[in-house]
Amino acid sequence: FQDEYPLLIATQESLSLVRNQLTSALNSDTSQGRPIAGIDAAKWADSSALSIARFRPNIVLRSSPGGAFAPFSEDSWERIWILPNEPSRSKAVLQLVARCQRCLLTAVDPITAEKDPSVPLKLLNRSRMRVKKTASEGGNGRAGPCFGMYAIPLPLDTSAYGELSTGDSVKVRWRPYSTDDEPDRSHLPT
């Protein structure tokens, strides 16, 4: 059930950071401001209960051993190549086009349909308020809680868009610094 774009990409590292924020919030860590009210400590005692399924990505990437995606590094990527086992040619190419501003649906467990208005939206409101698309890119320029990046497949030739499979390797191209508005990019690998 896509809203705007056919693909939504997120990294396992981004989910891990939100889970760490949840653990900090449960431990009354106020280093990022006042405590977050309304978090059910019993329900979220194990932060791994916060599943990537709440964010509904089509593609979830994770760093390989020895690799290092920083959390939310996908916000600064411009293009992703899905690589085959033999390096002759890409299996698919994806253009990242906009951040995904999250709606209230992320507050609903996709398995049980149980609502929790605090997780993950209050966590994202605290740390991930970003502009989806600037006005010059056709957006409204308003910030909202973001998790994941929308993407579109690019044709490999005149009729094919390629394919991807679980376990494929990827190569990413970072957005130029001049067009990247991610405030924490200085700590991300290049």
Indicate the atoms forming the closest heavy-atom contact of [X] with [Y], along with that distance.
X: Ser90; Y: Leu83; value: OG-CD2, 4.3 Å
X: Leu50; Y: Arg54; value: CD1-CD, 3.8 Å
X: Ala41; Y: Leu26; value: CA-CD2, 3.6 Å
X: Ile52; Y: Pro57; value: O-CD, 3.4 Å
X: Leu121; Y: Ala107; value: CD1-CB, 4.5 Å
X: Asp116; Y: Lys43; value: CB-NZ, 3.8 Å

- Task: Might you confirm whether atom NZ of Lys115 has over 12 heavy atoms from other residues, nucleotides or ligands at distances under 6.0 Å?
- Result: no
- Kindly assign one of parallel, tilted or perpendicular to the pair Trp174 and Trp77, based on the angle between their ring planes and the thresholds 30° and 60°. perpendicular
- Item | Test item: side-chain donor near acceptor, Ser73 and Glu13, under 3.5 Å |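 Looking only at side-chain atoms, Glu13 and Ser73 do not form any donor-acceptor pair under 3.5 Å.
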- Task: Scan Arg175, Arg173, Gln95 and name whichever one has a side-chain hydrogen bond (donor to acceptor under 3.5 Å, both in side chains) with Glu78.
- Result: Arg173
Do [X] and [Y] make a side-chain contact, defined as non-hydrogen atoms from C-beta onward lying under 4.5 Å apart?
X: Pro120; Y: Arg102; answer: no
X: Leu124; Y: Cys146; answer: no
X: Arg99; Y: Gln101; answer: no
X: Thr106; Y: Phe147; answer: no
X: Lys122; Y: Ile39; answer: no

- Message: Membership question, hydrophobic clusters at under 4.5 Å side-chain separation (ILVMFWY): are Val131 and Met129 in the same one?
- Response: no
- Query: When you measure from the side chain of Ser47 to the backbone N and O of Asn20, does any donor-acceptor pair fall under 3.5 Å?
  - Reply: no
- If you round to the nearest 0.5 Å, how far is OH of Tyr161 from CG of Leu94?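 These two atoms lie 12.0 Å from each other.
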